[in-house]
Amino acid sequence: MAGEITETGELYSPYVGLVYMFNLIVGTGALTMPKAFATAGWLVSLVLLVFLGFMSFVTTTFVVEAMAAANAQLRWKRMENHQQEEDDDSSSASDSDVLIQNNYERAEKRPILSVQRRGSPNLFEITDRVEMGQMASMFFNKVGVNLFYFCIIIYLYGDLAIYAAAVPFSLMQVTCALGNDSCGVEADAKYNDTDLCWGPLRRVDAYRIYLAVFTLLLGPFTFFDVQKTKYLQILTSLMRWIAFAIMIVLALVRIGQGRGEGHPPLADLSGVRNLFGVCVYSFMCQHSLPSLVTPVSSKRHLTRLVFLDYVLILAFYGLLSFTAIFCFRGDSLLDMYTLNFARCDVVGLAAVRFFLGLFPVFTISTNFPIIAVTLRNNWKTLFHREGGTYPWVVDRVVFPTITLLPPVLVAFCTHDLESLVGITGAYAGTGIQYIIPAFLVYLCRKDTQLAFGYGTVNKHRSPFRHTFWVGFVLLWAFSCFFFVTANIVLSETKL
């Protein structure tokens, strides 16, 4: 749950942590990025991608600093409680031999590392995995905590709606092409939802049938507890990197043979709205940083490793998107980039076409139940009252239902993945990636100064330690809100 202190888990090296962060950030958003690049123009896209990557790095360092401050407060409270217990014990025992024996027994029961570090503990060492919800409850007031959970819940709803639409959409694209005696998506084909799929069945009907099957198969997991296993994570990561590598290589080969069809514009401001949301969504990792950073065995050069991660991710996004926009015409790029390779003239081998066309089905389907359970648990945390319990019907029926129903209804109404990703990233994503980290770091710095004195230095403090950066991030976030909202209103007015 977002509001709990969870187990740290098995430790791993900093470079393994770098790989985990790379895998977390590079996900579904990357598959919608090529079309957003083609719509906004290559120069505008490149500049915005680099800038948003930098902003995401800034707020990532903010979250790491807040994690260290939260660990310091928890460690200090434990030390105070321990000291109080010792004082109580010493006042109740009159015999010095009994007191020495009790102290010896407590030392024997205490972990070895705790005994060794007791003399000079580093308060700001990140050893407890403090999730963002717990940090919000430590540093925010009641209104702030409720707003935090509201933002997380809206983001997770957007995530589920994207997943619920992506899987049926991919299945519709691949199977409808087969139903029309075609080996894939035709180069110049422009499909409407009312076009026929199999016999009298329309494409939109096929999409909704797949959505219903998807909901019936994966929806019940929302009513139970599921966990992502290590082997499932390895399998989905392996499939993702095989798919990305195949797409990049095929696009480069096609361009190298002089068969590239893309002539992207330099800039088209009308496409910036969706591009912004897609880029924000594609750099999202702040809400999962406690799970990634805490198990890292050595955090001495953590900021440098995170910076290296962002440089590699920027290079990867640039390579994927630029090969796409110069390989395919902008109007032929699909919302889910993998579907562009379900064409016979692009991929001759049928097995590769099916693998890329159905790639989102396998990887997204494994994540859907996990995100659904996370969202359900956040609902429970938001309405939880100290010492209270939920009735069985509310706990087992109401919360799972309000978790599952809204995203499925959204997916039923639209499968426009670029818009879903854009809106989710532009609104809820902006809150999680910019506003929450900025307020967290600002308030944790104030609390640290009050609790430990103005000379105390957080060993994991952000390189962007000046208050200017907090104000700049907040100003940028609110400017993005206004820009995206104004763009949507103006677009709807023109229509």
Side-chain angles (χ1 to χ4, degrees), residues 19 22-23 25-46 49-50 166 169-170 173-178 181-191 235-266 271 275 278-279 282 311-364 417-418:
V19 173
F22 193 100
N23 284 339
I25 295 176
V26 179
T28 312
L31 298 178
T32 61
M33 193 173 284
K35 184 177 179 180
F37 259 62
T39 306
W42 67 267
L43 182 60
V44 170
S45 300
L46 180 62
L49 180 69
V50 172
F169 180 73
S170 298
Q173 288 285 86
V174 173
T175 57
C176 285
L178 293 175
D181 297 324
S182 171
C183 63
V185 181
E186 296 299 330
D188 299 313
K190 293 293 180 183
Y191 294 114
L235 178 62
T236 54
S237 296
L238 183 64
M239 290 180 63
R240 178 165 65 242
W241 288 114
I242 291 174
F244 280 132
I246 291 173
M247 290 187 292
I248 291 172
V249 169
L250 288 175
L252 285 172
V253 169
R254 191 174 172 84
I255 294 170
Q257 293 174 343
R259 298 167 60 198
E261 305 167 349
H263 301 283
L266 196 68
L275 174 68
V278 168
C279 289
S282 299
V311 171
L312 293 174
I313 291 165
L314 276 173
F316 173 78
Y317 281 162
L319 181 62
L320 179 72
S321 299
F322 272 85
T323 53
I325 62 178
F326 285 100
C327 179
F328 300 102
R329 293 197 324 271
D331 59 351
S332 68
L333 277 168
L334 298 170
D335 288 348
M336 193 64 65
Y337 180 49
T338 50
L339 295 173
N340 281 94
F341 294 87
R343 288 165 40 181
C344 289
D345 62 322
V346 177
V347 182
L349 195 61
V352 177
R353 287 200 305 272
F354 280 114
F355 173 72
L356 292 177
L358 298 176
F359 160 72
V361 176
F362 303 122
T363 56
I364 290 175
L417 293 174
E418 187 185 13

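Model, not experiment: these values are computed from the prediction.
- Using bins of under 30°, 30° to 60° and over 60° for the plane-to-plane angle, the ring pair Phe244/Phe316 lands in the perpendicular bin.
- In this structure, CG on Leu49 lies 5.0 Å from CG on Leu314, to the nearest 0.5 angstrom.
- For the pair Met336/Leu417, a side-chain contact is recorded, criterion being any heavy-atom separation below 4.5 Å from C-beta on.
- The closest side-chain heavy-atom distance from Phe355 to Thr338 is not below 4.5 Å.
- Once rounded to the nearest 0.5 Å, the distance linking NE2 of His263 with CD1 of Ile325 reads 12.0 Å.
- The backbone N or O of Leu320 sits less than 3.5 Å from a side-chain atom of Thr323, completing a donor-acceptor pair.
- The main-chain N or O of Gly41 is found under 3.5 Å from a side-chain atom of Ser45 such that the two form a donor-acceptor pair.
- Looking only at distances, no side-chain donor or acceptor of Arg353 sits under 3.5 Å from a matching main-chain atom of Leu339.
- Between Val278 and Met33 the shortest heavy-atom distance is CG1-CA, 3.8 Å.
- Of all non-hydrogen atoms in Pro360 and Gly357, the two that sit nearest each other are CD-O, 3.7 Å.
- The closest side-chain heavy-atom distance from Phe354 to Val174 is below 4.5 Å.
- Note that CD1 of Ile248 and SG of Cys327 are 12.0 Å apart. Values are rounded to the nearest 0.5 Å.
- The backbone N or O of Ser282 lies less than 3.5 Å from a partner atom in the side chain of Tyr317, making a donor-acceptor pair.
- By the 30° and 60° cut-offs, the orientation of the rings of Phe322 relative to Phe326 is parallel.
- When all heavy atoms are compared, the tightest approach of Pro34 to Leu333 is O-CD1, 3.8 Å.
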*Go through the steps to decide whether Val26 and Ile313 satisfy the test side-chain contact (heavy atoms from CB on, under 4.5 Å), and finish with yes or no.*
CA-CA 7 Å; Val26 179; Ile313 291 165; 4.2 Å; yes
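- The CG atom of Leu250 sits 7.0 Å away from atom CD1 of Ile246, with the distance rounded to the nearest 0.5 Å.
- Contacts of Arg254 classified as side-chain hydrogen bond (donor to acceptor under 3.5 Å, both in side chains), with partners at least two apart in sequence or in another chain: Glu261.
- Note that OG of Ser170 and CG of Leu356 are 11.0 Å apart. Values are rounded to the nearest 0.5 Å.
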*Give the intermediate values and the outcome of side-chain contact (heavy atoms from CB on, under 4.5 Å) for residues Phe341 and Met247.*
CA-CA 8 Å; Phe341 294 87; Met247 290 187 292; 3.5 Å; yes
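- For Asn340 (side chain) and Ser332 (main-chain N/O), a donor-acceptor pair under 3.5 Å exists by modelled atom type.
- To the nearest 0.5 Å, atoms CG (Leu266) and CG (Leu43) are separated by 4.5 Å.
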